[in-house]
**Student:** 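Below is one structure. I have some questions about it.
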Amino acid sequence: MEAQSGDSTVASGNRKCSAVTGSARKIKDNAADWHNLIIRWEKLNDEGFSVASRVVNHRLNHVQGEQQMLVDDPPPPRMDGAPAQRRQLEAECSKLLEVVDKMAAIISKMERLLASQKGLLDLEEFQFGPEGRKVPLFHSWMTPQFVEVSHQLFDAYSQELRLKQTILQELAHTVTSDLCMVYLSCWLYQPYIHHQMRLTLEALLLETGHRLL
């Protein structure tokens, strides 16, 4: 799979290195897959943040309405808007669940990419002995480095998925605005996917020719 983000640098890198074959071709394709999956993840993260923000708004409005009913004396007649608000909250929670499920599917594909890289390393050890290939397939990385980078990316995004699953479970039940803001901030800024992970992806794309040196 070639990178499809609309990034002209990736496209030119693909044309330049289109003649690679064998293990190099597979590693190059895997790098493009990493790029594409992470682009899809980022789009889902933006979509999920919008949905999570609506969940928070509905939840806090519902809590404020309940608190107002407690202080009113006598309490006002029950408004028809409350059931409708609950339905809206449930609908937004379902949308957020769909986003998280799509992210989980991405993690499954990342796991397969990691397994593919490990398989290539095992093949090289079988072909060349325990020390593996003696010369790099591209510029400077040896095959174990591709496995290490795949591990780093998979671990970071897997941790981020677990955080998002926790936010999904807690967000609609949170009654304080401060905690809601913490959850939203964690969703948006993705603490487990720090800047180094983005540099790692760029290094992978440079090494495999998807970016121009």
Side-chain angles (χ1 to χ4, degrees), residues 1-18 20 23-55 92 94-120 137-139 141 143 145-168 183-213:
M1 181 188 298
E2 298 295 337
Q4 301 171 349
S5 69
D7 189 319
S8 59
T9 305
V10 171
S12 62
N14 288 343
R15 290 193 295 270
K16 183 178 178 181
C17 299
S18 58
V20 294
S23 294
R25 177 77 259 174
K26 184 59 178 174
I27 290 174
K28 180 178 170 65
D29 288 346
N30 285 349
D33 286 343
W34 277 112
H35 177 267
N36 291 335
L37 290 174
I38 288 172
I39 290 294
R40 287 169 57 189
W41 177 282
E42 292 301 324
K43 290 179 179 178
L44 285 170
N45 189 62
D46 291 342
E47 179 185 343
F49 178 73
S50 298
V51 177
S53 298
R54 294 196 295 270
V55 170
E92 296 298 341
S94 295
K95 292 177 184 177
L96 192 59
L97 174 60
E98 291 177 5
V99 170
V100 172
D101 285 345
K102 290 177 182 177
M103 287 178 154
I106 288 177
I107 295 300
S108 295
K109 293 178 180 179
M110 289 180 172
E111 187 174 19
R112 289 196 290 272
L113 286 179
L114 175 58
S116 173
Q117 290 293 160
K118 289 179 177 178
L120 290 172
L137 288 168
F138 298 97
H139 299 292
W141 290 14
T143 305
Q145 289 176 270
F146 292 102
V147 176
E148 180 182 354
V149 164
S150 296
H151 252 304
Q152 291 172 359
L153 292 170
F154 174 72
D155 290 345
Y157 281 87
S158 294
Q159 287 180 297
E160 190 61 37
L161 174 65
R162 288 192 288 272
L163 174 60
K164 282 173 165 48
Q165 289 170 333
T166 299
I167 294 173
L168 171 67
Y183 286 144
L184 288 179
S185 179
C186 287
W187 184 288
L188 180 63
Y189 294 108
Q190 307 191 96
Y192 292 107
I193 308 174
H194 45 78
H195 184 61
Q196 184 60 41
M197 287 299 99
R198 292 172 173 85
L199 293 178
T200 297
L201 175 63
E202 287 302 310
L204 175 62
L205 297 174
L206 277 169
E207 177 66 24
T208 53
H210 291 293
R211 297 274 195 257
L212 295 180
L213 290 171

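All heavy atoms count here, side chains included; hydrogens, waters and symmetry mates do not.
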**Student:** Going through the checks in order, is the salt bridge (charged side-chain N to carboxylate O under 4.0 Å, His left out) test met by K95 and E98?
**Tutor:** CA-CA 5 Å; K95 292 177 184 177; E98 291 177 5; over 6 Å; no

**Student:** Roughly how far, to the nearest 0.5 Å, is CG of L153 from CH2 of W34?
**Tutor:**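 Nearest 0.5 Å value for the CH2-CG distance: 5.0 Å.
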
**Student:** Do I27 and F138 make a side-chain contact, defined as non-hydrogen atoms from C-beta onward lying under 4.5 Å apart?
**Tutor:** yes

**Student:** Check the pair K43 / K102 against side-chain contact (heavy atoms from CB on, under 4.5 Å), numbers first and verdict last.
**Tutor:** CA-CA 11 Å; K43 290 179 179 178; K102 290 177 182 177; over 6 Å; no

**Student:** Using the side-chain contact (heavy atoms from CB on, under 4.5 Å) rule, take M110 and I38 through it: C-alpha gap first, then chi angles, then the decisive distance, then the call.
**Tutor:** CA-CA 9 Å; M110 289 180 172; I38 288 172; 3.9 Å; yes

**Student:** From Y183 OH over to T166 OG1, what is the distance, rounded to the nearest 0.5 angstrom?
**Tutor:** 8.0 Å

**Student:** By ring pair (Phe, Tyr, Trp, His ring centres under 6.0 Å), which residues pair with W41, not counting sequence neighbours?
**Tutor:**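 Partners of W41 by the ring pair (Phe, Tyr, Trp, His ring centres under 6.0 Å) criterion, ordered by chain and then number, come out as Y157.
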
**Student:** Could you check if a side-chain atom of E148 sits within less than 4.5 angstrom of a side-chain atom of H151, using non-hydrogen atoms only?
**Tutor:** no

**Student:** Could you check if a side-chain atom of R40 sits within less than 4.5 angstrom of a side-chain atom of L37, using non-hydrogen atoms only?
**Tutor:**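 R40 vs L37: side chains touch.
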
**Student:** Quick one: pull up NE2 in H195 and OG1 in T200 and give me the separation to the nearest 0.5 Å.
**Tutor:**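 So the NE2 of H195 and the OG1 of T200 are separated by 9.5 Å.
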
**Student:** How would you list, by chain and number, every residue that makes a salt bridge (charged side-chain N to carboxylate O under 4.0 Å, His left out) with K109, sequence neighbours excluded?
**Tutor:**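 Here no residue qualifies.
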
**Student:** Run the side-chain hydrogen bond (donor to acceptor under 3.5 Å, both in side chains) test against E202 and tell me which residues pass, sequence neighbours left out.
**Tutor:** R211

**Student:** I'd like to know if the side chain of S116 and the backbone of R112 have a donor-acceptor N/O pair within less than 3.5 Å.
**Tutor:** no

**Student:** Identify the heavy atoms of L205 and A31 that sit nearest to each other, and give their distance.
**Tutor:** CD2-O, 3.8 Å

**Student:** Write down the atom of F49, the atom of L184, and the distance for their closest heavy-atom approach.
**Tutor:**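 What the structure gives for the nearest pair is CE1-O, 3.6 Å.
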
**Student:** Considering non-hydrogen atoms only, spot the tightest contact between H139 and L206 and give its length.
**Tutor:** CD2-O, 3.7 Å

**Student:** So which heavy atom on P191 is nearest to which on C186, and how close?
**Tutor:** CD-O, 3.4 Å

**Student:** Applying side-chain contact (heavy atoms from CB on, under 4.5 Å), run through F154 and L113 and close with a yes or a no.
**Tutor:** CA-CA 9 Å; F154 174 72; L113 286 179; over 6 Å; no

**Student:** Would you say that E160 contacts I107 through its side chain, given a criterion of any heavy-atom pair below 4.5 Å between the two side chains?
**Tutor:**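 No, side chains not in contact.
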
**Student:** Can you tell me how far the CD1 atom of I106 sits from the OG atom of S158, to the nearest 0.5 Å?
**Tutor:** 11.5 Å

**Student:** Using a 4.5 Å cut-off on heavy atoms from C-beta on, say whether the side chain of R198 contacts that of I193.
**Tutor:** yes

**Student:** Do the non-hydrogen side-chain atoms of L96 and W187 ever get within less than 4.5 Å of each other?
**Tutor:**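 Counting from C-beta outward, L96 and W187 do come under 4.5 Å.
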
**Student:** NE2 of H194 to CE of M197: how many Å apart, nearest 0.5 Å?
**Tutor:** 4.5 Å

**Student:** To the nearest 0.5 angstrom, please state how far the CZ atom of F146 sits from the CG atom of L120.
**Tutor:**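 So the gap between those two atoms works out to 10.0 Å.
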
**Student:** Within a strict 4.5 Å, meaning less than it, do heavy atoms of the S23 and T143 side chains meet?
**Tutor:** no

**Student:** Could you check T208 against D29 for side-chain contact (heavy atoms from CB on, under 4.5 Å), going step by step and ending with a plain yes or no?
**Tutor:** CA-CA 9 Å; T208 53; D29 288 346; over 6 Å; no

**Student:** Taking all non-hydrogen atoms of both residues into account, name the closest pair between Q117 and S150 and its distance.
**Tutor:**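 Distance-wise, the nearest heavy atoms are CG-OG, 3.3 Å.
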
**Student:** Treating E207 as the side-chain partner and W141 as the backbone partner, does any N or O pair qualify as donor plus acceptor under 3.5 Å?
**Tutor:** yes

**Student:** Would a 4.5 Å heavy-atom cut-off, applied to side chains only, mark L168 and K164 as touching?
**Tutor:** no

